[in-house]
Amino acid sequence: MGRTRILQNKAYLYLTEFFAGMSVMAVELGASRLLAPYFSSSQIVWTIIIGTIMIAMALGNIYGGRAADKNPNPDRLYARIAVAAVWIAAIPVVGKYLILGISALLIFTVDSNFLILAAFAACMVIFVFPLFLLGTVTPSLVKYTVDSLEDNGKTVGMLNASNTIGSILGTFLPTFVTIPAVGTSVTFLIFAGILLLLSAVYFLSAKAGKKGMAAALFLFAACCFAGRSKSFAFWEPGLTYEGESVYNYLQVKETDSQVVLSTNVLFGVQSILKKDNSLTGMYYDYAMAAPFMAGVHEKDSMEVLVLGMGTGTFASQCMRYFPNMQVEGVEIDEKITELARTYFALSPEIAVADYDGRAYLQASDQKYDVIMVDAYQDITIPFQMSSVEFFTMVRNHLKRDGVMVVNMNMRGTGEGNINQYLSDTISHVFDTVYTVDVKGSTNRELFASASPDLLEAMQDNLAITPDSGLSDLMGEVAQGLTAYEPGNYVMTDDRAPVELLGMRVIDELIQEEAAYYRGIYEQEGIRGLLEQL
């Protein structure tokens, strides 16, 4: 009788469809945030997430339709929803361990496309099963809601509309509300709780499944207790800050000598502050050659723009060494700017616009002496800031003798690598292009200008710089500068395969590092590997 009563109320079935659609999209967005700190948030990772979820939903649709025809018992549907809820609630508890476990396994077994394969395997293991179960909802509800052929079109349309409206909310709520407010882990728990409540109301009304629901509620409570941690880098003790913004995973690590920002738990340093105000020993120091090339000591005032401000390492160094500097920055992630003010001593004199770098240039008509482009987003480059059209816009915002400096943080090898694409593209816009490799890192700095006198201006200004340490380093940079000979690997707004090119370089770097540990494993086995780690 209870089953009949609740099923006769089609509003509840539409509500089921609504929350199922909402939860699918919320899990998809949560998946992107769970994977991003380990594999990046590139288009490739998004493709993997969407593809695996579509596979799961398609299989769920097929199974759900057949199961509904064979045994049209709604208990089975709401039991599947409860199981999916518990699984989703468990993702914050075990997801990050599964990701690292899968990565550790694959790094010793695959020779190429590691990040792609690891991300795909992690998606398959973590997300396919619960979304397969949610994929059974629509065909099952069609079975319960269609009373006759006369109104079946209307009924199916209402179900699809309910699912679509739920999906819309499930898209916006995690991005703009739950993830910024409470984080990815709690977001999974919120939507898992909604699904579990949906099942609990059904079984309570049907007066059935009490033991099963009690077990599900117990497991959900356990996941709520164990899965609230916001730590993605759980092996890193004593982090100064770890959190999320709308755009990034954010990690601040502090030692006695420095403070470091990273937006990926496995790769790279996005910004650094030396507590003794010394040079960083990284690419930021090499980029300081740009003001010298632009004649910093010959001008009363110099305007500098940093696209991809981060926490302001380059901007702060410019202000420290050159009192005639006027520096402003553009950083799309407002939270990073907040961290810069809190942990990285970013001067209040340095204005930062919370904006996309290209959109900022589009809206501005100001010209600058130096523009630094450091727009890497974790381990990828935004395609719109890697094209001929973008670099043409940068050139148009430089003064006659202005200099653009671009950080290229992945020194690719082989024909057609990402740095060759970027350098060729820039060379199609600027007449003068020089590159220099940063010692002890994979970074390469590129300097470009419409002026042919970069080296002469640099030498003239080095001769009168008062800081001997900076002067000595700039002398080394000058010796390492190489005039770039352009090729034909040009990127445009229509065709800029930066994700694939970037992944290829990351793959090379990972394989170089893995080769050492793979050798230990082959010679000494798992015990020797564990001892080395």
Side-chain angles (χ1 to χ4, degrees), residues 1-7 9 11-31 34 56 60 63-64 67-68 71 73-98 125-138 140-141 144 162-163 166 169-170 173-174 177-179 181-230:
M1 181 66 68
R3 292 186 182 89
T4 304
R5 187 181 305 115
I6 197 168
L7 291 182
N9 183 0
Y12 188 76
L13 300 180
Y14 294 141
L15 201 63
T16 300
E17 187 72 49
F18 172 85
F19 284 118
M22 177 188 288
S23 298
V24 167
M25 293 308 301
V27 170
E28 181 174 332
L29 289 163
L34 184 69
Y63 176 82
N71 185 356
N73 183 352
D75 288 9
R76 293 176 177 269
L77 169 63
Y78 285 94
R80 290 195 294 268
I81 293 175
V83 172
V86 172
W87 187 291
I88 293 168
I91 290 174
V93 181
V94 300
K96 52 197 173 186
Y97 302 103
L98 289 173
V125 171
I126 298 172
F127 299 106
V128 164
F129 181 67
L131 295 176
F132 163 80
L133 295 177
L134 292 179
T136 68
V137 171
T138 298
S140 299
L141 291 180
Y144 309 142
S162 298
N163 184 280
L169 287 176
L173 286 175
V177 181
T178 61
I179 290 177
V182 294
T184 300
S185 296
V186 177
T187 294
F188 279 118
L189 295 173
I190 289 172
F191 287 93
I194 291 172
L195 290 174
L196 195 61
L197 180 62
L198 198 66
S199 293
V201 169
Y202 167 80
F203 283 112
L204 184 64
S205 175
K207 298 180 180 179
K210 294 181 180 178
K211 292 183 179 180
M213 281 308 304
L217 290 169
F218 173 79
L219 291 173
F220 175 75
C223 291
C224 288
F225 177 78
R228 292 175 296 170
S229 171
K230 296 181 180 180

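The first residue in the sequence is number 1, and the count goes up from there.
The shortest side-chain heavy-atom distance between M213 and L196 falls under the 4.5 Å cut-off. Between F127 and V27 the shortest side-chain heavy-atom distance falls below 4.5 Å. With a 4.5 Å cut-off on side-chain heavy atoms, L189 and V182 do not count as touching. Within the 4.5 Å cutoff, the side chain of L195 has heavy atoms near those of the L134 side chain. Under the 4.5 Å side-chain criterion, counting only non-hydrogen atoms from C-beta, T16 is not in contact with Y202.
Rounding to the nearest 0.5 Å gives a distance of 9.5 Å between CG of L98 and CD1 of I91. To the nearest 0.5 Å, the span separating CZ on F188 from SG on C224 amounts to 13.5 Å. Of the inter-residue distances, the one linking L13 atom CG with L77 atom CG reads 9.0 Å to the nearest 0.5 angstrom. A distance of 9.5 Å separates OH in Y78 from OG in S140, rounded to the nearest 0.5 Å. In this structure, the separation between CG on L198 and OH on Y12 is 4.0 Å, given to the nearest 0.5 Å. Note that CG of L204 and OG of S199 are 12.0 Å apart. Values are rounded to the nearest 0.5 Å.
Listed here is the closest heavy atom pair of T187 and P174: CG2-CB, 4.2 Å. Residues I88 and P130 approach most closely at CG1-CB, 3.9 Å, considering heavy atoms. Taking both residues in full, the closest heavy atoms of T184 and G30 are given as CG2-O, 3.8 Å, listed atom of the first, atom of the second, then distance. The two residues G64 and T136 have their closest heavy-atom pair at CA-CB, 3.7 Å. What you find for A89 and F220 is that their closest heavy atoms are CB-CD1, 3.7 Å.
Screening I194, I81, V137 for a side-chain contact (heavy atoms from CB on, under 4.5 Å) involving F19 leaves a single residue, I194.
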(request) Show your working on side chain to side chain contact (heavy atoms under 4.5 Å, CB included) between L131 and V24 and close with a plain yes or no. (result) CA-CA 7 Å; L131 295 176; V24 167; 4.1 Å; yes
